[in-house]
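Computed from a prediction, not measured in an experiment: that's the story for all the values here.
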Amino acid sequence: MELNLEVIQREVIKPSSPAPHDRLQLSVIDFGIAEACVPMIFFYNLADLAEKSPDIVSTRLRSSLSQALSRFYPPLEKRRNIDINSLKILIPTLAPGESLDSRPLLSVQATFFGSGSGVAVGICVSHCICDAASVSTFVRGWAATARGDSNDELSTPQFAEVAIHPPADISIHGSPFNALSEVREKCVTNRFVFESDKITKLKIVAASKSVPSPTRVEAVMSLIWRCARNASHANLIVPRATMMTQSMDLRLRIPTNVLSPDAIGNLQGVFFLKRGPGSEIEISEVVAEFRKEKEEFNEMIKENVNGGHTNTTLGQKIMSGIANYMSELKPNIDTYTMSSWCRKAFYEVDFGWGRPAWVGLGHQDIQDGVMYVLLVDAKDGEGVEAWVGIPEQDMAAFVCDQELLSYASLNPPVLI
């Protein structure tokens, strides 16, 4: 279907007061994933709102964003109002004359639906300055400003910079993470929804003696890895080895006196699991390994923090694990990059017209060629939406996998 796009306004929003810093020192992790973006879309139903005209709504977004940027500097923001009902273009894209190198660190787009019935607020943040938890902190802070919360209730988060990870070596050109996008062709994305009752059944299958009560993230990611590997094998004469990597939020593991829970940056550690070409992927076994790796990672952090080691030592330990993972990246291995954005409070983002009717991902801005799985909360907080990006020929088999479909629905309609 052909879509008609009308750009109503494009402008640069600047901080309302002088910013506390004029530059950031990027860590090696920030520098390594600079080409990727963190895209989110928040849908709001304005049907029952008295003051719902695009001018009133956009003015609130514009003025509150200017105030929020004073606390969350240094991102420079661009805003676009676009009258079109299409998920594909609800995330800001490059303006005429912009290149990937020169695009803003933060872009925002407000899309108004016909008859003033709703608005979608899409944001795209460069991954070089933040991760999903950082985006949640920023957007909730921006929304609090739009609601008119008092200054006493608004925090000014700190940029982690090189507090944990070592500084980047800017003399090195290119990102080592580019290997992720070199191994396969461009990926296509589909959305799968796991309702809470189906997750309960999946947890029973995923349970074992060592992990009698799996988390929903452990169970869902293990199932997806199994089904994605099966889809890949269905299209190959000679099966490939497979690997999955899971990122872990350091804010949830490092004491608050060492790292603020609202710290801004790429504060992640990783672990990975690997299977040979002929190996089976049993869900309960993967969950058990999943849990073991997480517990060992948590123990490593605990030992370093409680043992009086410096943050530099902790960062080196975390980077050692990342280096081990990077050494395993090869073209003949199917690598699935997995991340959970659950419990990030995205459904608490209220600009003054209520909580979102739905929160989606702008998957078009995720790095081309990277096979990925992103989990986000369903609106009820118990279910899970899984956004899966894999090669097109693999996806054709993946969406027909009966084991997967016994627990998940393929892109069900969203009530907005």
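- Taking the six-membered ring where tryptophan is involved, the planes of Phe398 and Phe192 are perpendicular, since the angle between them exceeds 60° and thus also 30°.
- Listed for the Thr245 side chain is a donor-acceptor partner under 3.5 Å among the backbone atoms of Phe271.
- Side-chain contact between Glu293 and Glu296 is present, with heavy atoms from C-beta onward closer than 4.5 Å.
- Between Asp380 and Gly383, the shortest heavy-atom distance links the atoms OD1-N, 2.9 Å.
- Under the side chain to side chain contact (heavy atoms under 4.5 Å, CB included) criterion, Ala206 pairs with Pro214, Ala219, Ile283, Val287, not counting sequence neighbours.
- Shown here are the salt bridge (charged side-chain N to carboxylate O under 4.0 Å, His left out) partners of Glu385, two or more places apart in sequence or in another chain: Arg191.
- Taking the side chain as every heavy atom from C-beta outward, Pro356 and Phe43 never approach each other to under 4.5 Å.
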### Task
Go through Asn324 and Phe272 one step at a time and tell me if the side-chain contact (heavy atoms from CB on, under 4.5 Å) criterion holds.
CA-CA 9 Å; Asn324 289 339; Phe272 65 92; 4.3 Å; yes
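- With hydrogens and angles disregarded, no donor-acceptor distance shorter than 3.5 Å links the side chain of Asp394 to the backbone of Asn235.
- Using a 4.0 Å cut-off between charged side-chain N and carboxylate O, Lys317 and Glu303 make no salt bridge.
- Within the model, atoms OG1 of Thr337 and CE of Met244 stand 10.0 Å from one another, a figure rounded to the nearest 0.5 Å.
- For the residue pair Ala133 and Lys344, the shortest heavy atom distance occurs at CB-NZ, 4.0 Å.
- Using a distance-only test at 3.5 Å, with no hydrogens or angles considered, no donor-acceptor pair links the side chain of Asp401 to the main chain of Ala397.
- Side-chain contact between Ser340 and Met221: present, with at least one pair of heavy atoms (C-beta onward) separated by less than 4.5 Å.
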### Thr242 and Trp225: CA distance, side-chain angles, deciding distance, side chain to side chain donor-acceptor pair (under 3.5 Å) verdict
CA-CA 9 Å; Thr242 182; Trp225 186 29; 2.9 Å; yes
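- A heavy-atom distance below 4.5 Å is found between the side chains of Trp142 and Val108.
- The side-chain heavy atoms of Arg253 and Lys294, taken from C-beta on, include a pair separated by under 4.5 Å.
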### Task
Check the pair Asn230, Arg226 against side-chain contact (heavy atoms from CB on, under 4.5 Å), reporting the backbone distance first and the verdict last.
CA-CA 6 Å; Asn230 291 343; Arg226 170 184 167 91; 4.0 Å; yes
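- Here the OG-CD1 distance, from Ser134 to Ile264, works out to 4.0 Å after rounding to the nearest 0.5 Å.
- Between Val57 and Tyr44, every side-chain heavy-atom pair lies at or beyond the 4.5 Å cut-off.
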### side-chain contact (heavy atoms from CB on, under 4.5 Å) between Val135 and Trp341, worked out
CA-CA 11 Å; Val135 171; Trp341 294 3; over 6 Å; no
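- With hydrogens and angles left out, the side-chain atoms of Thr189 and Tyr372 include a donor and acceptor closer than 3.5 Å.
- Here the side chain of Ser232 pairs no donor or acceptor atom with the backbone of Ala228 at under 3.5 angstrom.
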### Query
Between Val121 and Val139, is a side-chain contact (heavy atoms from CB on, under 4.5 Å) present by the stated rule, with each step listed?
CA-CA 10 Å; Val121 179; Val139 179; over 6 Å; no
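- Taking CZ of Arg291 as the start and OG of Ser213 as the end, the distance is 8.0 Å to the nearest 0.5 Å.
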### Query
Are Arg251 and Asp131 close enough, and set up right, to give a salt bridge (Lys or Arg N to Asp or Glu O under 4.0 Å), and what steps lead you there?
CA-CA 11 Å; Arg251 302 170 188 81; Asp131 53 16; 2.9 Å; yes
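- Side-chain atoms of Asn190 and Asn411 form no donor-acceptor pair, as typed in the model, at a separation below 3.5 Å.
- Under 4.0 Å is where a charged nitrogen must lie from a carboxylate oxygen, and between Asp377 and Arg216 at least one such pair does.
- The two residues Leu267 and Asp249 come nearest to each other via the heavy atoms O-OD1, 3.6 Å.
- Taking all atoms of both residues into account, the shortest heavy-atom contact from Ser409 to Pro412 is O-CD, 3.5 Å.
- For the pair Trp358/Tyr347, a side-chain contact is recorded, criterion being any heavy-atom separation below 4.5 Å from C-beta on.
- Considering only heavy atoms from C-beta on, Ile199 comes within 4.5 Å of Lys203 through its side chain.
- Here the straight-line distance linking atom OG of Ser260 with atom CD1 of Ile254 works out to 11.5 Å at 0.5 Å rounding.
- The line from OH of Tyr407 to CD of Glu195 is 14.5 Å long, rounded to the nearest 0.5 Å.
- Across Cys187 and Pro391, no two heavy atoms sit closer than the pair SG-N, 3.9 Å.
- The CE atom of Met243 sits 14.5 Å away from atom CZ of Arg229, with the distance rounded to the nearest 0.5 Å.
- The shortest non-hydrogen separation linking Ser222 to Val286 is OG-CG1, 3.2 Å.
- For Glu392, the CD atom is loosely surrounded, since the number of other residues' heavy atoms within 6.0 Å does not exceed 12.
- Proximity of a side-chain donor or acceptor of Arg60 to a complementary backbone N or O of Phe351 within less than 3.5 Å is detected.
- Within the 3.5 Å criterion, the main-chain N or O of Ser196 finds a donor-acceptor partner in the side chain of Thr200.
- Not one N or O on the side chain of Asp55 forms a donor-acceptor pair closer than 3.5 Å with the backbone of Ser58.
- For Ser66, there are no side-chain hydrogen bond (donor to acceptor under 3.5 Å, both in side chains) partners, not counting sequence neighbours.
- Of the possible donor and acceptor atoms, none in the side chain of Ser320 sits under 3.5 Å from a partner among the backbone N and O of Gln316.
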